[in-house]
Amino acid sequence: MPTRKTTARGAKKPLPPETDLRRIAISTGGGDAPGLNAVIRAGVLSSGRRGWECAGIRDGYNGLLFPEQYPDGGLMRLTRDSVRGITHLGGTILGTTNRGNPMRYPTKRRDGTLVEVDRSGEIVRAFRKHRIDALIAVGGDGSMQIAAAFARTGLRVIGVPKTIDNDLDKTVITFGFDTAVSFATDCIDRLHSTAQAHQRIMVVEVMGRYAGWIAMNSGVSGSADVILIPEIPYDIRKVADAIEARARLGRHFSIVVVAEGARPIGGRMSVVEREAGRAERLGGIGEQVAQELQELTGKETRHVVLGHLLRGGTPTTFDRLLALRFGAAAVRALEEGQSGIMVALDPPTVRYVPLEQATRRMKTVPLDCDTMLTGRDLGICFGD
Ligand code: F6P
């Protein structure tokens, strides 16, 4: 196999166009995000134009690990007809899972405990058996790490980044994020009127895992009074002070947006569940903050958890277009002979970055970013 040169930006220089691609597979892994179906459609139509067949792996990689459990053998034939009219649909027609890391597959032992087992060899063999020449892996940080590991085994792999959390590095944005932020902003707008009518504190908990992007962007856009994010451990007394200062100015209600990964200074993140083979589940911090604020301020307080509502529904135009662009770019990358790369948004273009680089670190909110500075200039309290 000819070796590829690395360009100044770190991406591999493409090989001459490949001609041996006949059949490619698409998988969607991790938590779903609005835009997954748009990527699938773009991938299938772009492949069809090049004369390649497309197969969709069911439920992450489970379709290849447990073919007997699926009427279609775990691989869905993807044709022009099967992807018709799906661009605007949330979810994924292939299904997904966030317990399906083939390198750390959760497996039950006889005593009932779960252990993690490396089953990646089975996937590589299934690729050969089904004559799959290349894979487009759509997912978040975990899925991109899996894609990078497959690329190291010699499989031809292109990663497509998705996550509502926007915590994937080396791409300015992931699709799903805009839809989640738009919905959260709409909810914050709705909470304003009820908070004002009852002169209450309303605490809104939003997803985002260890990054505060959803909380910050929706909170600033929705004119929240307080935004708590994982990047800034908070002091609850400072939050209470900010709310009381508003009351002295005659504003007897407040909106507090809390990222699920937020934590008090010297405290821990609020974890709901830990289980082998999957990321820990966060949640509960909104309720905790609400209770403490009620005690400290004496004001009636309510909390609401937006949770999975942020992941559902129709992708915004921005997310649809980005997802279509990513899907088509992934196919172009395969045609160019690329592998081991992730498509990424670097406005105004989509470029390729090595998966190894993209998975090195998590993209958290920089404390000096323009949106954060804007929030501070608007007088929003960040709990510090
Ligand atoms: O990564 C996307 C995400 O929605 C996170 O914001 C959240 O912490 C997690 O997934 C929830 O996962 P689950 O669907 O397993 O509850």
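Both counts, for ligands and for their atoms, begin at 1 and track the order of listing. Predicted, not measured: the structure shown is a model, and the values here were computed from it.
Shown in contact with Glu260 at under 4.0 Å from a heavy atom are these atoms of ligand 1, numbered in order with element: 5 (C), 6 (O), 7 (C), 8 (O). Residue Gly208 approaches ligand 1 through these ligand atoms, each under 4.0 Å from one of its heavy atoms: 6 (O). Less than 4.0 angstrom separates some heavy atom of His308 from each of these atoms of ligand 1: 13 (P), 14 (O), 16 (O).
The environment of Arg80 atom CZ is sparse: at most 12 non-hydrogen atoms of other residues, nucleotides or ligands sit within 6.0 angstrom. Taking a 6.0 Å sphere around CZ of Arg50, one finds it holds more than 12 heavy atoms contributed by other residues, nucleotides or ligands.
In this structure, Arg84 pairs ionically with Asp81, as a charged nitrogen and a carboxylate oxygen lie closer than 4.0 Å. Under 4.0 Å is where a charged nitrogen must lie from a carboxylate oxygen, and between Asp225 and Arg251 no such pair does. We find that Asp20 and Arg156 are joined by a salt bridge, their nearest charged nitrogen and carboxylate oxygen being less than 4.0 Å apart.
Cation-pi geometry between Arg58 and Tyr70 is not met: the NZ or CZ atom fails to fall both under 6.0 Å from the ring centre and inside 45° of the normal.
Of the heavy atoms in Leu282, none comes closer than 4.0 Å to ligand 1.
Considering backbone and side-chain N/O of Asp165, one or more are found under 3.5 Å from N/O of ligand 1.
The nearest heavy-atom contact from the protein to atom 9 (C) of ligand 1 is Arg209 NH2, 3.5 Å. Of the protein's non-hydrogen atoms, Arg311 NH1, 3.5 Å is the one closest to atom 3 (C) of ligand 1.
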